[in-house]
Amino acid sequence: MNPIPVKRFFYRLLRLVPMPVISILVGIAVGLVVWGVLDQIQGRAIKKIAAKELEVQLDRRARESLIRFDQYLKNYAMTARLLANHRSLAEYLEPLFWSSQEAFEPVVYRKSSPSWLTDFIARNALSAPSHILLVDTHGQVREVYQSGDAELPRELEQGIGEKFTDTGELRTVVTRLDERPYLLVSDAVEDTGGYRMGDLIVVVPINDEFLAASQRGLSSGRAAVALVDVDKQRILASIDPSLLVPGTRLSEWRDTYLITTQSLPEYEGTDWNLLLATFISHQSVTKMSSRVRNFEQQQRVRAALVYILVFTLVIYLVSARLNKVLKRMAGFSQRALGIEHPGFKRGANQLMLLEEWIQHFTQLVLKAREEMSRRHESEMRASEALKAAIMEASLDPIVTLSRRGKVIELNPTAERTLALTRDQAIGASFSKLFLTLDGRRRFLGLLRDSRRARREGRIPQARGQLMARRAGGSELPVELSIVPIQLDDKFVYTVYMHDITKRREAEREIKSLARFAGESPNPILRVSPSGLVVYANAASSPLLAAWGTQKGGLLPAKQIEEVGEALRDGRSLEHETELGDQIYSLLFAPIQELGYVNIYARDITAVRRAEQESRRHQAELVHVCRLSTMGEVATGMAHELNQPLSAIVNFANGCSRRLQGSLGPRQELMDAMGQITTQAQRASEIIRRLRALVGKQPPIQSEVDLNHLVREVCSFVEFDTDQMGFAIELDPEPDGIAVDVDLVQIEQVLLNLVQNALDALQEVAPAARHLTVRTRLIGDEAEVVVQDSGPGIEPERMQSLFEPFFTTKASGMGMGLPISQTILKNHGGHIWAESVPRGGAVFFIRLPVAPSARQSLAAQG
Ligand code: ADP
């Protein structure tokens, strides 16, 4: 038959048979084959095991037989001793005397038991001895007991000779008598007087009966025991003579039996080489092993059935599952790939169908792959062309190197920059041709870095700056980037170079420019819109420390707000700020295009301190001036008044003397009185002049913002308030109040009020010190309110406050308030005081506003 149609036939058949059926058939076939093979192996193994087991058993049995045989002999010996030493024997021997010279016939007891013999042998269940002899000390047999028909062996009839006569000890001898094996057991006999008469000898034929008795109690089983003459290799006696016939040769039995032999222990005087043999028939061995094998076969059949069942079940389940998966795959492939499939019919072999479908699928995949590779090739070509174009167009030199660092390719820019042609470059060592000595070292370092990065799974690009060399020898700084590329069959490096000569120059320029800020003795900072300090020169350290930040840190919230404000408005913002002991002038200059704010700071502490100091001195000076002026005025006034007053006193004294003595003419009295009047008028003139000097002088007026005056005065006492640990709270009228006043005088008034308030505050604890100066526009009047938290003014003193020389202070003059009142009156204003309910005093000043302001107020009104 042609093999191909047969194959096709089987194939068609397989397609038609459902998978579970195939699995059952395969399961059974496999089970049978496995069973067959196992049967062979198991059978052989069992046989081997059975034979071994039997051998072991046989060996054990043989040893046991020997032990029993030996024990039996010992029992005989013990029994013989009992017989020899029995009282009845001694008593029997008492009257006897055996002479050695006499010829005599031994006394023979046939079947009747002599009086000296006890029944110990029968009692000990030993096989019957053939004879029991009494022998004299010369070995002559004197009396014989014969138990059966057998005659005494001839060797014994002539006497036992030297064999038993000497020592008189118990002896056991296995010997050959009349060509048969015998056991002879002897022991010395004495009469009742202790006189040694000779020996008692028990003669036992070692025959089948003897052997059977020796093995009694041993389960006969399958084994037989026989005594064997070693020299002749014949059986002498057996426990079962019907089975193992005595006299036959041992070799005759080897086919039928498994035989093991044990040599007998040496018995005294034994002159025969005997063996105890144990037999087990081969048949019984075969029977037993076949029984085991049958049992084992049954077990195996059961196990095979279970296996087949489980195997079939598993295959069935797997194939059912497979069926499901295939169906799903079919559906999926149809939906996803649009591949036709052979269809899953019930009752057909799904695996075969799957195989067909996979073949079909593989063909489709191959086709798709070809299509893909075609497409890939054209894409590759396009990408190559693109890459070539990029290489050509690149403004930077690009060089491709082999693994060994030789130039494989380079773009036109590289040719131009490095000043040599493509032909000159290809194949040359890149590092030797294009790099300086130091550059070469760094390049090798970069290569190493890139390799290491690749090994460690990082992006293998390495980047660095080094000096390149043109063909002509001139050098140029380049930034170099190495990218290793694994191609199909080789490994190459692409080296990108970027000429950084211009960048270096620009950097140098920028660095030198940056030094301007760095070298500035004043703090210069650059801050991001979020308030981050991105740059700070060395001089900024104290400022940053005062702000509690550092380079890279955030500015305080207030400064961040100002940065935002400067950026928003696009205008510089300048103000002063006091940080701890330092006063800084800060200029926030926005750079809107970069989104930064530069802060230029100036430490103006010294300037401001100097200003404050000079103001304090000024204030002190004003005070001292005031005091000295007052002193001068007072002195002048005293001097001026002294003359008319002393003249008046003199004239008045003269007049009174004259009146008392009635001396001189009346005219003289009249003249003196006239002088008194003249002097008094002079004094009054002096006082009038003085008053005109103090009070009635027209002020030097100018228009000024009252807020400005208040601030000025407050700054005069800043030094004192600092010392006292508080600051004056200013609450100015927001739009300012214009007044037309004598600056110096109004400042003097304000200074006096503030100074009085400070004097009052000295008396309270630092924490409780508050001083507010408020300016307000009330109608067409400007009001200044000076309120302190001092001890206040007692009501009874309220009246005297504005009186000249009223003071409660040790060094006070009591002129401040009266002068202030006068100055205000001269300005068309007024002053009054109130006491605050919870302590403290408040002074009010009212002044008319400047005419210009009044006009604008009227216009508004
Ligand atoms: P002097 O300041 O030289 O005493 P003043 O005329 O300025 O002269 O003050 C007169 C007196 O008015 C002071 O001695 C003081 O008793 C009282 N006085 C002035 N201002 C206050 C005040 N703010 N609180 C309490 N007492 C004050």
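Numbering of residues begins at 1 and proceeds along the displayed sequence. Quick note: numbers below take in every heavy atom, side chains included, and nothing from hydrogens, waters or symmetry partners.
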Subject >> Stepwise salt bridge (charged side-chain N to carboxylate O under 4.0 Å, His left out) test for R87 and E91 >> reply: CA-CA 6 Å; R87 190 170 42 83; E91 280 170 2; 3.2 Å; yes
**OP:** Before giving the answer on side chain to side chain contact (heavy atoms under 4.5 Å, CB included), spell out for L276 and L227 the whole-Å C-alpha distance, their side-chain angles and the decisive distance to 0.1 Å.
**Re:** CA-CA 5 Å; L276 201 64; L227 197 65; 3.8 Å; yes
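- When atom types are taken as modelled, the side chain of Q146 and the backbone of G148 share a donor-acceptor pair closer than 3.5 angstrom.
- For S242 and D240, the side-chain atoms include at least one donor-acceptor pair closer than 3.5 Å.
- Annotation: R180, atom CZ; neighbour count of heavy atoms from other residues, nucleotides and ligands within 6.0 Å does not exceed 12.
- Within 6.0 Å of CG in D149 there are 12 or fewer heavy atoms belonging to other residues, nucleotides or ligands.
- Between W116 and Y109, the ring-plane angle classifies as perpendicular under the 30° and 60° cut-offs.
- Considering only residues two or more places apart in sequence or on other chains, S88 meets the side-chain hydrogen bond (donor to acceptor under 3.5 Å, both in side chains) condition with H86.
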Subject >> Stepwise side chain to side chain contact (heavy atoms under 4.5 Å, CB included) test for L183 and V173 >> reply: CA-CA 6 Å; L183 168 70; V173 177; over 6 Å; no
Subject >> Working for side chain to side chain contact (heavy atoms under 4.5 Å, CB included), residues R454 and F491 >> reply: CA-CA 12 Å; R454 216 165 74 89; F491 188 82; 3.2 Å; yes
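- The CD atom of E252 lies 8.0 Å from the CD1 atom of I235; values are rounded to the nearest 0.5 Å.
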Subject >> Intermediate values then yes/no, side chain to side chain contact (heavy atoms under 4.5 Å, CB included), V203 and I132 >> reply: CA-CA 6 Å; V203 182; I132 296 172; over 6 Å; no
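- Counted within 6.0 Å of CD on E94, heavy atoms from surrounding residues, nucleotides or ligands total more than 12; the atom is thus considered enclosed.
- A side-chain contact (heavy atoms from CB on, under 4.5 Å) with L83 is found for one member of L200, V189, L89 and no other, namely L200.
- Not counting sequence neighbours, N294 has no partner by the side-chain hydrogen bond (donor to acceptor under 3.5 Å, both in side chains) test.
- Residues R234 and T248 fail the side-chain proximity criterion, which asks for heavy atoms closer than 4.5 Å.
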